[in-house]
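Hydrogens, waters and symmetry mates play no part in the numbers below; they use all other heavy atoms, side chains included.
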Amino acid sequence: MGRRFGLCGSRSRAAASRHSLVAASAARVAVCTAAAVGAAFAAGLSQPYWAAIAVCAVLQGQTLTGTWQRAINRSIGTVAGLGVAALLLPLHPHGVAVALIVGVLQFVVELLVARNYALAVMFITPLTLLLVEAAHPGASPVPFAESRLVNTLLGCAIGVVGGHLLWRRATGRRVSAVLATAIRVEGRLLAAVMAGRPRHEIVQARRDAQSSLLNLRDVYVQAVGDHPAAETLWPRLVAAERLGYLILALPGTESPGRGPGGGDVAAVEACFARLAPAATGAAVPPDVPDDLDVPDPRIGTELRMLARLLREPPPRREPRRRVRRGV
């Protein structure tokens with residue numbers, strides 16, 4: 001339990017850092033949600049919060065590609081869901097019938113939402129309209145259905161536009177900085193293990209390293225979704241991850257024969273101190289010696305590989321060519 005909360009604390013600190021994408025994502029959702037509600041009110045639509053819900057659902061795609069997919073799925077699912085609602089609402093169910101239908105629809109939604117979002121929305125729409133009709137007995141369901149469709153399309157459109165215009169380059173600019181942070185944290189953990197520092201310091205350094213590696217992968221995935229050219233950084237990412245996992249695999253106890261402040265610890269700290277700024281282009285990567293004294297020889301190999309990749313410019317991304325197949 002303590003380990004779980006410790007990792008959560010490390011992730012929270014990473015989310016609050018200036019290189020995190022949390023602030024940009026939260027600001028994007030806030031601006032787009034406010035714009036959707038304002039537009040719905042200005043257009044005189046009922047249930048304007050449906051537009052806000054659509055915006056939040058679309059922006060959960062995180063990347064531009066994911067945003068487009070969520071918008072298309074929600075729009076198609078809403079239109080198809082109105083067809084399902086057209087079969088249920090004329091029956092005017094009430095009482096136990098409403099409870100049973102709602103339960104069945106919710107069960108189907110939970111089965112589908114993680115597999116096919118469009119199909120899930122197709123059942124979310126009649127579920128929502130059924131609850132609205134139950135709250136307004138005797139009212140015609142047609143205005144609610146029209147409002148659901150218009151608010152959803154409005155929210156999806158604002159979500160897509162906001163995803164394209166607001167802080168679109170946030171991920172691309174942060175990949176190198178997050179990579180540098182991961183390298184720096186890995187070096188801190190390796191030095192702590194080699195120097196035989198207190199166990200609680202090593203445990204905290206491990207949590208920080210785990211959090212940094214998770215954050216590095218998250219930022220990279222989002223960057224590739226927004227800027228396909230970020231794929232050229234993949235070799236550096238793999239080298240940093242392999243290095244981090246080798247360091248995390250080291251035992252958390254004192255290493256025999258190595259006391260605090262040993263020469264090998266100083267050499268390792270100096271190596272990582274130059275590697276981290278090299279990830280952002282602020283320094284020249286060091287030449288990692290072949291005889292660098294580290295607990296695992298594979299760590300030295302990965303350090304030399306990472307230094308070589310940082311020394312070489314990222315390869316240019318070749319445009320993908322479409323291959324035409326013969327009939």
Side-chain angles (χ1 to χ4, degrees), residues 10 13-14 17-20 172-197 201-202 204-217 219-220 223 229-252 254-317:
S10 298
R13 287 192 299 273
S17 68
R18 62 190 181 93
H19 298 309
S20 173
R173 290 194 299 263
R174 284 170 168 80
V175 175
S176 297
V178 174
L179 176 60
T181 300
I183 295 173
R184 191 176 296 109
V185 174
E186 291 170 359
R188 192 178 304 133
L189 171 60
L190 180 58
V193 173
M194 293 175 61
R197 291 176 185 152
E201 293 185 12
I202 296 178
Q204 184 59 53
R206 286 180 182 278
R207 291 170 178 168
D208 292 341
Q210 291 171 344
S211 176
S212 296
L213 289 173
L214 292 173
N215 190 41
L216 175 61
R217 177 57 66 97
V219 172
Y220 173 79
E231 290 181 345
T232 59
L233 298 177
W234 174 249
R236 299 181 178 183
L237 175 82
V238 172
E241 286 187 336
R242 287 172 59 89
L243 176 62
Y245 293 142
L246 286 173
I247 297 174
L248 286 170
L250 295 175
E254 295 185 0
S255 300
R258 289 187 170 90
D264 51 359
V265 178
V268 167
E269 289 179 338
C271 180
F272 277 92
R274 293 182 60 187
L275 273 177
T280 60
V284 178
D287 292 325
V288 182
D290 295 338
D291 58 349
L292 183 65
D293 191 6
V294 289
D296 188 338
R298 294 175 296 177
I299 294 178
T301 302
E302 292 300 331
L303 275 171
R304 287 186 288 273
M305 175 63 70
L306 179 59
R308 182 179 66 81
L309 291 172
L310 293 177
R311 197 175 295 112
E312 299 174 352
R316 296 183 59 183
R317 180 176 180 270

What is the distance from atom CG of L237 to atom CG of L179, rounded to the nearest 0.5 Å? 7.0 Å
Looking only at non-hydrogen atoms, find the nearest pair between G244 and E186 and report the distance. CA-OE2, 3.3 Å
Indicate yes or no: does D287 engage R274 in a salt bridge with an N to O separation below 4.0 Å. no
Taking all non-hydrogen atoms of both residues into account, name the closest pair between P235 and L309 and its distance. O-CD1, 3.4 Å
Test item: R184 side-chain N/O and P277 main-chain N/O as donor-acceptor pair under 3.5 Å: no
Check step by step if side chain to side chain contact (heavy atoms under 4.5 Å, CB included) holds for M305 and T301. CA-CA 6 Å; M305 175 63 70; T301 302; 5.7 Å; no
If I compare all heavy atoms of L250 with all of P295, which pair ends up nearest, and what's the gap? CD2-CB, 3.9 Å
Gap separating the CG atom of L303 from the SG atom of C271, nearest 0.5 angstrom: 5.0 Å
Nearest 0.5 angstrom please: R242 CZ to L246 CG, how far? 7.0 Å
Quick one: side chain to side chain donor-acceptor pair (under 3.5 Å) partners of E312, sequence neighbours excluded? R308
Closest non-hydrogen atoms of I202 and A192, given as atom of the first, atom of the second and distance, are CD1-O, 3.9 Å
If we only count heavy atoms from C-beta on, is the Y220 to V178 side-chain gap below 4.5 Å? no
Interatomic distance, CG@L189 vs CZ@R197, rounded to 0.5 Å, equals 10.0 Å
Measure across W234 and R217 and return the closest heavy-atom pair with its distance rounded to 0.1 Å. CH2-NH2, 3.8 Å
Any donor-acceptor N/O pair, R206 side chain to L248 backbone, under 3.5 Å: yes
Enter the distance from I183:CD1 to L306:CG here, rounded to the nearest 0.5 Å. 4.5 Å
S211 side chain to R207 main-chain N or O, any donor-acceptor pair under 3.5 Å? no
With rounding to the nearest 0.5 Å, note down the distance linking CE in M194 to CG in L190. 5.5 Å
Any non-hydrogen side-chain atom of T181 less than 4.5 Å from a side-chain atom of N215? no
What pair of heavy atoms forms the shortest contact from V294 to G300, and how long is it? CG2-N, 3.9 Å
Please check: side-chain N/O of R304 versus main-chain N/O of P289, any donor-acceptor pairing under 3.5 Å? yes
